[in-house]
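Presented below is the structure to which this report refers.
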There are 2 protein chains.
Amino acid sequence: MTNIQEVARVAGVSTATVSRFLSGQTVRSGEAIQNAVRTLGYSPSVVARSLKSGRHGAIGVIVPDITNPFFAALVKGINHEVRASGYQVILGNSDEDAPQEEALLAALTQRTDGIIIAPLVEGDLSLVRLEKSRTPVVLVDRDITFATRFDRVLVDNLSGSRQAVEHLAALGHRAIAHIGGPLGSTPGRARHEGFVAAMERLGLPVRQDLIRISDFREEGGRDSMRDLWNQPDRPTAVFIANNLMTIGALNALHVLGARIPHDISVVGFDDVALAELLDPPLTVIRRPDIEQGAASARLLLSRLEQDFEPDASLSQSHRITLPVQLVVRGSTSAPAHREREQE
Amino acid sequence: MTNIQEVARVAGVSTATVSRFLSGQTVRSGEAIQNAVRTLGYSPSVVARSLKSGRHGAIGVIVPDITNPFFAALVKGINHEVRASGYQVILGNSDEDAPQEEALLAALTQRTDGIIIAPLVEGDLSLVRLEKSRTPVVLVDRDITFATRFDRVLVDNLSGSRQAVEHLAALGHRAIAHIGGPLGSTPGRARHEGFVAAMERLGLPVRQDLIRISDFREEGGRDSMRDLWNQPDRPTAVFIANNLMTIGALNALHVLGARIPHDISVVGFDDVALAELLDPPLTVIRRPDIEQGAASARLLLSRLEQDFEPDASLSQSHRITLPVQLVVRGSTSAPAHREREQE
DNA sequence: GTGAAAGCGCTAACAA
DNA sequence: TTGTTAGCGCTTTCAC
């Protein structure tokens with residue numbers, strides 16, 4: 001790789017002049033430098049620049065599972081928002097694995113100027129040390145219990161669960177099951193809590209035998225659903241805490257020969273691309289995904305701008321909560337065997 | 001951020017000794033250094049290390065669209081394979097946009113030791129200069145027309161198209177439409193060529209009015225399908241070149257009230273998670289996705305190892321082609337109105 | 001406007 | 001085994 005010295009030599013100037021020219025200052029020998037740069041195919045070393053300046057021109061994004069369409073859409077929203085800012089978006093996938101997340105976080109904080117992260121769990125240890133540093137961090141979709149310094153963009157999970165339960169209850173369901181995500185994570189915990197709270201508020205029984213805490217993955221949803229189905233006293237409806245588990249559960253029900261919604265009503269959290277084309281179309285709690293990414297990117301970018309100003313530390317941390325919405329399609333109906341409920 | 005000098009000062013040794021200790025050599029004052037590191041919360045600057053050593057401990061992955069489940073799965077395969085190697089995987093999403101791809105490539109080649117990329121087009125200009133450098137590059141899923149230096153992991157697109165056409169022809173279809181991707185990209189070109197070649201080999205008419213070249217995106221598939229459906233002389237079957245366009249096309253047919261496969265048979269390229277739960281279940285060409293990522297990662301990692309050896313440049317570039325497979329489900333059947341074909 | 005020189009944090013000779 | 005020192009490529013004072 002050619003370096004700035006060589007350019008300086010070819011152009012017959014000092015490295016300082018080349019550097020100035022490259023940063024947009026007007027210099028006498030601009031043309032000669034331009035030529036030298038082109039001839040040598042020179043481009044400045046971002047590593048050396050980073051070392052010197054402490055800035056990287058990049059922001060890091062860490063998601064727990066890039067194969068989850070929700071996070072893919074989130075990233076899309078971030079990309080779109082950051083595009084014009086001059087920053088590069090660098091993405092890391094922790095694959096729902098704590099050691100990987102920790103390694104990623106260490107790697108990306110050293111290579112970027114700020115981080116957008118959906119932490120694995122609310123007690124995420126690898127974020128503790130970050131709180132003391134001055135790196136701007138935005139938590140997206142998943143909260144942590146400490147770190148008041150960080151900005152946050154979340155969705156109203158409690159409301160989502162409530163809408164799902166109220167919808168099912170209004171149809172006449174009492175034996176409503178829940179397949180939840182890890183209770184250590186924000187969406188897992190909040191959707192579970194919202195489910196329990198809504199059931200209690202409506203005077204419906206919260207039956208532990210109808211609650212399965214799983215892992216936000218397709219296989220987990222499949223196994224949990226199969227398990228619920230094989231109970232002696234089956235539920236007439238199920239509320240599933242994310243898209244991948246819903247897909248798994250639908251596959252399980254398909255294999256088991258269950259008829260939806262006749263045998264069981266299904267509400268998923270997160271819309272999916274094909275929801276309307278499923279047999280039957282899927283009733284879901286829908287939430288903004290691209291917009292959630294965009295909001296977190298805007299928050300981070302404004303922090304980065306702020307960093308250049310003296311009174312940076314004064315500004316409060318922001319917390320944005322986006323609304324969610326029930327979308328009723330064909331996978332929910334009144335329970336077929338109402339009499340079973342009377343036992 | 002504390003640096004190595006401070007650690008040295010606290011431990012009462014020189015920076016060189018600290019550096020040696022950190023790189024695993026045995027030093028007399030190891031314990032004191034260990035303590036200083038812990039107390040100060042020190043971790044070495046990867047930027048400074050990179051500048052000094054020229055190595056980054058990371059590999060870059062550039063995909064055209066992270067919201068495409070195929071690429072998400074590809075990334076998963078890469079992650080899984082790289083996990084134990086000590087390298088970090090850093091991901092970039094070019095969003096099917098050439099300037100973004102170029103910027104990403106520039107950014108990642110400077111921050112990583114090697115690149116896995118699915119280039120936008122076969123004449124990708126931003127890869128030209130990389131060929132001259134010594135950065136290891138693996139092309140995955142999409143080829144380029146130059147650059148014999150690079151390794152490649154592709155799938156047998158021609159065979160995929162042939163299998164799709166033969167399946168439809170065997171059912172009795174003659175008016176087979178094709179919704180293709182950009183002809184400048186490998187999968188777009190190869191699947192289109194495969195379609196035309198298979199049609200000709202079977203003596204079926206290749207009707208230009210039944211071919212739409214689109215963009216691999218959901219909206220493109222939807223628009224193309226609507227367009228085909230509104231033709232005076234409709235096709236009885238359609239072969240669609242990727243998953244996202246297939247989803248778009250299915251949505252369009254749903255809105256138009258078309259019955260699948262009665263009114264039109266559909267074959268998609270790429271399996272989708274919910275294919276079996278669709279109404280009707282979707283017939284597709286399936287290909288290995290995770291495995292394709294894993295293969296490209298293995299190729300890159302072996303290049304990186306090679307780089308430490310003297311005769312690195314001697315080794316040939318590799319080319320791996322993975323097979324694809326027709327999966328027949330419910331979206332294909334014999335055409336309903338055979339008589340229309342006789343006109 | 002320009003050049004000399006210091007230094008960002010680290011590692012690898014080279015001496016001791 | 002350890003310390004001294006040079007230097008990776010760049011930017012930015014400070015003199016001129």
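All chains are named by letter (A, B, ...) in the order of the sequence lines, taking the proteins before the strands, and each is independently numbered beginning at 1. Values in this document were obtained by computation on a predicted structure and should not be read as measured data.
Nucleic acid contact class of A/Ser50 (heavy atoms, under 4.0 Å, all strands): none. Within the 4.0 angstrom heavy-atom criterion, only backbone atoms of the sugar-phosphate kind lie near B/Val13; the bases stay farther away. A/Ser29 comes within contact range of the sugar-phosphate backbone alone, with a heavy-atom separation under 4.0 Å but no base atom that close.
The interatomic distance linking B/Arg20 (CZ) with C/dT11 (C1') rounds to 10 Å, in whole Å. Following rounding to the nearest Å, B/Gln5 (CD) and D/dT4 (P) show an atom-to-atom distance of 12 Å. The distance between atom CG of A/Asn3 and atom P of D/dT11, rounded to the nearest whole Å, is 12 Å. For the pair A/Phe21 CZ and D/dT11 C1', the computed distance is 16 Å after rounding to whole Å. Across the protein-nucleic acid pair, A/Ile4 atom CD1 and C/dT2 atom C1' stand 14 Å apart, rounded to whole Å. Between the P atom of D/dT2 and the CG atom of B/Leu22 lies a distance of 13 Å, rounded to the nearest Å. Between the CD atom of A/Gln25 and the P atom of D/dT11 there is a distance of 11 Å, given to the nearest Å. C/dA6 atom C1' lies 13 Å from atom CG of A/Leu51, rounded to whole Å.
Between B/Thr26 and B/Lys52, the residue anchored nearer the 5' end of DNA chain D, judged by the nucleotide with its closest heavy atom, is B/Thr26. Between A/Val27 and A/Thr15, the residue anchored nearer the 5' end of DNA chain C, judged by the nucleotide with its closest heavy atom, is A/Val27.
For C/dT11, one of the phosphate oxygens OP1 or OP2 lies less than 4.0 angstrom from a side-chain nitrogen or oxygen of B/Arg49. Close to C/dG3, at under 4.0 Å from its OP1 or OP2, lies a side-chain N or O of A/Ser14. Using a 4.0 Å cut-off, some side-chain N or O of A/Ser19 falls inside it from OP1 or OP2 of D/dT11. Proximity of B/Thr17 to the phosphate of D/dG3: a side-chain N or O atom is located under 4.0 Å from OP1 or OP2.
Defined by atom type and a distance below 3.5 Å, a donor-acceptor pair is present between the side-chain atoms of A/Thr186 and A/Glu122.
Considering only side-chain atoms of A/Arg28, the nucleotide from C/dG1, D/dC10, D/dT5 that sits closest is C/dG1. Here the side chain of A/Ala48 is nearest to one of D/dT12, C/dG9, D/dC10, namely D/dC10.
Once rounded to the nearest 0.5 Å, the distance linking CG of A/Asp141 with OG of A/Ser185 reads 8.5 Å. Annotation: the span from A/Ile116 atom CD1 to A/Phe150 atom CZ amounts to 13.0 Å, rounded to 0.5 Å.
More than 12 heavy atoms of other residues, nucleotides or ligands lie within 6.0 Å of NE2 in A/His318, so this atom counts as buried by the packing criterion.
Under a 4.0 Å N-O distance rule, the pair A/Asp143/A/Arg319 qualifies as a salt bridge.
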